[in-house]
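Below, each value reflects all heavy atoms present in this structure, side chains not excepted, and no hydrogens, waters or symmetry copies. Every chain is numbered from 1 and lettered A, B, ... according to where its sequence line falls, protein lines coming before strand lines.
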Amino acid sequence: MNRWRRLGLNLAAPLLAIIVAVIVTSIILVLSGDPVGPVWKVFLSSPVEGAWARMLNDTAAFYLSGIAVAIGFRMNLFNIGVDGQYRVAAFAAAVLAGQAWLPGWLNVIAAILLAMLVGALWAGIAAVLKTARGVSEVISTIMLNAIATGLVAWLLTKVQADNAGSNSTGTKPIPESSHVPALPFLQTNISNIYGLSLLAVLIGLAYWFVVSRTRFGFDLRAAGQSDDAARASGIDVKRTAIIAMLLSGAVAGLVGLPALFGNDYQYGTTSQAGLGFTGIAVALIGRNHPVGVAFGAFLWAYLANQADSLQINAGVSVALVNIIQGIMVLAVVIAYELVRRLGVRMEQRQVAADLAAPSEPVGAQA
Amino acid sequence: MSIDTAPAPTSPPVSSQARALWSNRWVSIPLVILGGVFIMSVLRVVTGANDMNSSGAIGAALGLAVPIAMAGLGGLWSERAGIVNIGLEGMMIMGTWSAAYFALNWGAWAGVLGAIIGGAIGGALHALATVVFTVDQIVSGVAINIIGLGVTKYLADRVFGRMEGGGPTQSPGLPDLPTVTLPGSNFLATVEKHHWFFISDLAGMIGGLITNLSVLTIIAIVLVVASVFLLWRTRFGLRLRSCGENPWAAETLGVKVNLYKFIAVLISGGLAGLGGGFLAMVASSNYIEGQTGGRGYIGLAAMIFGNWNPLGMAAGALLFGYTDAIQLRGGGTTVHALLLLLAVIVLLVGVWQIVRRHRYWRGVIAVVIGAALLAIYFTTDTIPTQLTSTTPYVTTLLVMALASQRLRMPKADGQIYHKGEAG
Amino acid sequence: MSSAEAPPAVELRGITKRFPGVVANKDIDITVKAGTIHAIVGENGAGKSTLMKILYGVQKPDEGTIAVNGEQVEFASPADAIAHGIGMVFQHFKLADNFTVTENVVLGAEKLHGIGTGARDEIQRISTAYGLHVNPDVMVDRLGVGARQRVEILKVLYRGAKIIILDEPTAVLVPQEVDELFANLGQLKAQGFTIIFISHKLDEVRQVADTITVIRRGTTVATVDPTSVTSRELAELMVGSALPTPQTEESTVTDEVVLSVAGLNLPSAEGGSPLLTDVDLVIHAGEVLGIAGVEGNGQAELVETIMGIHVPSSGSVTLLGKDLAGWSTRAIREAGVGYIPEDRHRHGLLLESPLWENRILGHQTEAPMAKGWLIDAGAARADTERIVTEYDVRTPSIDVTAESLSGGNQQKLIIGREMAHSPKVLIAAHPTRGVDVGAQAAIWDHIKQARREGLAVLLISADLDELMGLSDTIRVILRGRLSGTFDPATVTPQDLGAAMTGADSSKGAA
Amino acid sequence: ACGSNSTSGSSPSGTATGTGTGTAGASSLKVGMAYDVGGRGDHSFNDSAAAGLDEAEKKFGITPTEVTANSTDNDATRVQRLQQLAQNGNKAIVAVGFSYAAAVGKVAKQFPNVDFAIIDDASDASKGDNIDQITFTEQEGSFLAGVAAASTSKSGHIGFVGGVQNALIQKFQAGYQAGAKYVNPNVKIDVTYLTQPPDFSGFADPAKGKTAATGMFQNGADVVYAAAGKSGDGVFQAAKAAGAGHWAIGVDSDQALTADASVRDVILTSMVKGVNVGVFNFLTRVHDGTFKGGNTVYGLKDKGVYLSTTGGHIDGLKDKLAEVEAKITSGEIKVPSTV
Ligand SMILES: Nc1ncnc2c1ncn2[C@@H]1O[C@H](COP(=O)(O)OP(=O)(O)OP(=O)(O)O)[C@@H](O)[C@H]1O
Ligand SMILES: Nc1ncnc2c1ncn2[C@@H]1O[C@H](COP(=O)(O)OP(=O)(O)OP(=O)(O)O)[C@@H](O)[C@H]1O
Ligand SMILES: [Mg+2]
Ligand SMILES: [Mg+2]
């Protein structure tokens, strides 16, 4: 199969997915008597002022979360626990930064390091349970998410700051000097791109580099593909699993930081929850590839940010966004599979065509 | 070829009659259970946490366990056929909605049917994606969780939002399903009231299991037992399980692997949906957005906990239900009492490690942790509510870590199977 | 029923099957007479398995027709083939490890005798009647290869198949087992069964077959009478080249001890009898030490213990004077141990990764694959190209995944990879299993070449010809114990076979 | 904290149509409603806010736009929601729920010509000239609920089921406990929260509510106060199942009117929180052009919080409750707002 055809097929998959998602969603709209035209108009209309910045902020958070999940997937570990890991980590970082023991940027850096450490430790519990006691990480991370909720809620009562007249509780606010300035573009007076969103870019590059260029990355992928082959090749599979889980947790620890240092300045009961689960979907859409995950994160952020417009301008329940997101995930993978099958069939036909010329029956291409 | 030179599998030597008796599960399981009741009785008397094994707590545990067990059983059916089902939560949610829809339109029993149908639709979607289109099973499951939530929210808005007493996030009240109390319940309740050591405890625990049972609870128990029978005693079950162990082998023997996988995932969805239906119709009396609260995931955990076996899975669900029940009912004090149990177990494990296994490091660590727990127990008299809410999760984690059982999932679980690639 | 006038049991006409990038079968014509043993031979990737899978209904032919007992048939699935009395034992066994023998056998044929005691009794009956010695209640994952194969045959017989396909049934068997198998086949033939069987071992093919069909590059090139051809002629038909034989050359054994194992004990993790007991062995530079044994007697454990994958309870492994106790597998490999694992799919390759990444596997810390902490993809690709050329790995490119290579070519890649780092010791487990004669000869040449240059080789093989042809010394492993030394120049396969099965305990006292 | 700018809410019926600048239809006031998670139809908090909106619509004809929050919102999403409502030309925007506090503060600055209201927050984050901070003295209402519970209880043992353990629900708990102790210093009070933030499923899990309340009833409690949103339904079911003499107390709206018909008779009373009153008053003032920013606290005095009497179960306590209420409004009883 030539290169151009393969490229065409690769582009066909996401396109097909989007078309399928649009068709299926439209059918649902028609069946339930909701307007179809206005809904798509909302999705295609340009977002409200400042929304681009917010979308990029969301993209960054989803991306970090997606990469955290992807690191696990690369090693065949299903880290459902990113959600708990980032919440514990963001809480710890907020507490530390709120103490203002260090000035300005040093405070930020210390908090980032602490967040990574705490995220890694929380994930490390699951890693140790898996390698030492054989507890499936699927179970342990589900449990640890819930435990994180209780633990943070309890610790929050110990450190909560006085916030007169408010019904939400939070950690002590981070001093002004440690607020991370916004990036110098897409700024409006109520929205901007959080400075620490750059962490997503850094992590993306680091992920790409480590996984595809380093020995550790090779070990990780090898162990993810085949335990047995990895072990026979000299890879310490348990150690690799622990490191992968720790790295996954460390990246998860960063998920909440851009918003913490760029907008919220404290961690509390109104801080965003559920980012870890979004990460799973995003990683899956992006097939654990650094660029693919970015695409998935942006798609997710875009859809999420149009949710309000959907209610306001089309009068349709926001749940539609969930439906579209879910269908999109499914459509993407089905489209890839269909395109793969198409490719196989095309190749087979080509072989048939070449039959006249005697061909070597070796070397099939998957 | 007749000379079997490969090292023969050795079965553990059966030394005495007692051993043989002990290894009979009809003897050992009741003994273990009675032992458990005994320990609980001691603990109750020592700590004074009377709610620990009251009939109420046990009944509540059963009620909380049913939806989890149905989700877990759903997961089990699917994974026994080789399809990982992380979409249980979504299927459960679909079950809650359609239970309400059917029950409102056609009555309580239709609601039960509706729950199954709703979940099975989710199952059908999963089967379509994973069996027909052979996509990654985790991806599909995650998508179904998202779609299930979205579709039900959307439909609830359209359907219940316009009903009297309903709203976009809840349905109007649903008709009730009957409940059953088995004979002897009153007598047991009387015995329980006396707080006699062991006797009352046993009475309470049995009483909790037979009083005020919803028919759905009974159906759920029947389904668990029936699953054991169907999957292990029938040809249908054998074929279905073969698809989870080695679909390629099954294919070469003429088993219609994809058909069985499809059926298994449909059943899986139906069971998860039934769990959702229980939540909507028995645990509460209407559909409420978000009422599954992650029970689909817990069900998945219960299934792994139970080593992909219905009875083990049920034990996992009950453990979870029980710890959740006592933390919700008794809050701090009962959980505090459990702390003592935990401390003693950890201490014993530590001593055992040192004395019998000669693993000094592990033993010492365990003893230190046990002593610390003991210290916490004696220096506090309750546990902060924020932490008691984590009891079921901590317990599950601890049991998994301590039991150190060798879990074995179906060998081809999660693997993508294409027809015609056997060989 | 196998009278001369009866229609042929199987008639394949014009069978063509295309896969992406390859034509596996092209215009194949084969006629199998009822009540005969019909052998099919051909190179790796010639299309034998594909053809058999078509006959068994696993795959559908793109073109061509199949007739069974004179009746034209079309198989949508193996169920149809089974209904027509065809049974197949696959090259790679098709057993559910966590099922009992009974469950494996009755699966799909539950109608016959149910799934309970009835089925169990029938299995017992067949097992006794054909001398298969299979315990119906044991879990398959506890069985050795030979027993597994008998379970496979039982599966076929249980279904009442009259036409039995065996794809490379002897690849994993020791001579005695092969003899038993052939005896069984003869017995079956006498009872009117038709048997189609595939093998790379041309001598044994000639020994049992009534007719031999040769397939080359997906098409039938000849059908011959075994009595009228030599193995050499057969091989020439297959590949158009001479049949190589393993031949010991002049000894290159030196005095320098490279690898020595002393008093090695490995207990069983499940608490059964020990896997290795007091194993002692010494390999010198330039020496090939061959180990014979029935599968499951500790070969795999011995190799994996030397490789640092298992930790022995006592005893030592010494490499060039250094005690390897506590060394990781990686450190052992870095110290100069090359490793050809017995199961290339499970232990030797990353099936979903491209060839050049598979080139790195196991050497990711060694130059030129690694530069410090980084992987040097360029160097890996260049060296993969070299291996592909030098070892004649047949592949369209080094970017295809390892799983798309045929078994023989996968093996050549592994050998090329392990030799690339000039190891001091090569641990080779079944290096030519399932590999065709041409590739086999090439692999032997590479091992001999390295031996001349001072390589010490630990060779595990079930192929006694290979062992006797390559080794300087042969030891036999039985129930985790090593026997004394055999001289390959004088020992006969029968002697070895006796030692391997424990039938003869007088030989080989250490 | 509260009370800095306390106004007595004019009773809903007091405002007549047409006193304002706009008339229904022609130039009707455009109102944006940003609900909390659950939205209109939740039979609780959001519905109460919606009732205020509906009333205003009926009284002087407004054009509402309604948006509902998602449980995974962050501050930026909330900002965007309010901003979008403002951009769409809404002149009055109500943010229902304290999680909007920071968002309202920000967006109000950007749209000085739009009037905002925030329910349940009076913090600095949501202070502004064009923001009405609407808060309630839930602890006072809950104090009365505690009085009613302890007075009704025969066993001297009562319970409290909180949905999610956050500061707001703890306010209910604090008042309830104080009220119960005021009547019976030896009263035993079981307290359970169903979940911890950010897990808000405790407001939507009747199964857990039922389990918790059943436990309390079985262990001797005979009145349980449910400050748990829809999980309260489970508490009512538990009371019903526990049989005669076991009561539940509802919350937010008069649940003896809104709960499932089969359990209405076990609802002793409900601690009604007049979110509708707050919303309606806000809209009226915007409509009339009398709007002023600040903190409007609704308490017992102005029926911002009160105990419902549907079913007549607490009629016998009328005098006692009135007496306690008077003491609270006069300041003689200081009701704590934290536990
Ligand atoms: N499912 C498949 N998809 C793609 N190519 C295939 C498939 N099965 C077989 N092939 C290709 O078809 C060719 C013939 O394979 P086949 O298995 O029939 O060979 P064989 O003669 O059995 O070889 P061996 O001696 O190694 O067993 C090979 O090139 C192989 O790569
Ligand atoms: N789906 C596939 N895509 C590409 N190649 C395939 C596929 N399935 C099988 N093959 C190739 O076809 C060949 C024949 O398959 P088969 O299962 O008969 O193995 P084999 O070559 O005989 O293996 P071995 O020699 O290791 O015993 C294998 O080399 C395998 O790599
Ligand atoms: Mg083959
Ligand atoms: Mg082969």
> For each of P67(B), S284(B), G293(B), tally heavy-atom pairs with chain D at distances under 4.5 Å, and name the one with the top tally.
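Going by pairs under 4.5 Å, I would pick S284(B).
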> Given heavy-atom pairs under 4.5 angstrom as the criterion, report whether the side chain, backbone, both or neither of S285(B) touches chain D.
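Both parts, backbone and side chain.
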> Sort K210(D) into side chain, backbone, both or neither according to what part of it lies under 4.5 angstrom from a heavy atom of chain B.
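Side chain only.
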> Determine whether the aromatic ring centres of residues F320(B) and Y393(B) are separated by less than 6.0 angstrom.
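Between F320(B) and Y393(B), which both carry aromatic rings, the centre distance is below 6.0 Å.
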> In sequence, state the C-alpha distance, the side-chain angles, and the governing distance for F172(D) and F160(D), and then conclude on ring pair (Phe, Tyr, Trp, His ring centres under 6.0 Å).
CA-CA 9 Å; F172(D) 288 80; F160(D) 174 88; 7.6 Å; no
> Between Q291(B), K153(B), Q170(B), which shows the greatest number of heavy-atom pairs under 4.5 Å with chain D?
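Among the listed options, the one with the most contacts to chain D is Q170(B).
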> Suppose we screen for ring-ring contact (aromatic ring centres under 6.0 Å, His included). Which residues come up paired with Y154(B), at least two apart in sequence or across chains?
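If we apply the ring-ring contact (aromatic ring centres under 6.0 Å, His included) test to Y154(B), skipping adjacent residues, there are no hits.
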> Testing the 3.5 Å rule here: is there a donor-acceptor pair between the side chains of T338(D) and Q170(D)?
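On atom types as modelled, these side chains do not qualify, holding no pair under 3.5 Å.
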> Could you tell me if the side chain of L319(B) sits less than 4.5 Å from the side chain of T395(B), heavy atoms only?
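Yes. Closest side-chain heavy atoms under 4.5 Å.
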> Using non-hydrogen atoms only, which part of D157(B) is less than 4.5 Å away from chain D: side chain, backbone, both, or neither?
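No part of it gets close to chain D.
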> Establish, from distance only, whether the side-chain atoms of Y193(D) and S389(B) form a donor-acceptor pair under 3.5 Å.
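Not at all, the side chains of Y193(D) and S389(B) share no donor-acceptor pair under 3.5 Å.
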> With a 4.5 angstrom heavy-atom cut-off, which part of E289(B) approaches chain D: side chain, backbone, both or neither?
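Contact with chain D is through the backbone of E289(B) alone.
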> Under 3.5 Å, is there a donor on one side chain and an acceptor on the other for R264(D) and Q255(D)?
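No.
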> Non-hydrogen atoms of chain D under 4.5 Å away: do they reach the side chain of D176(B), the backbone, both or neither?
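D176(B) has no heavy atom closer than 4.5 Å to chain D.
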> Answer with side chain, backbone, both or neither: which region of D190(D) has an atom nearer than 4.5 Å to a non-hydrogen atom of chain B?
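The answer is neither part of D190(D).
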> Determine the option with the most heavy-atom pairs under 4.5 angstrom with chain D, choosing from P168(B), G294(B), G167(B).
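Top count of heavy-atom pairs under 4.5 Å with chain D: P168(B).
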> With a 4.5 Å cut-off on side-chain heavy atoms, are L104(B) and P172(B) touching?
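Answer yes - side chains close enough.
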> Please identify, among A60(B), G166(B), G290(B), the residue contributing the most non-hydrogen atom pairs under 4.5 Å to chain D.
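Result: the option with the highest number of such pairs is G166(B).
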> Let me know if R162(B) has heavy atoms under 4.5 Å from chain D in its side chain, its backbone, both or neither.
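Answer is neither: R162(B) stays 4.5 Å or more from chain D.
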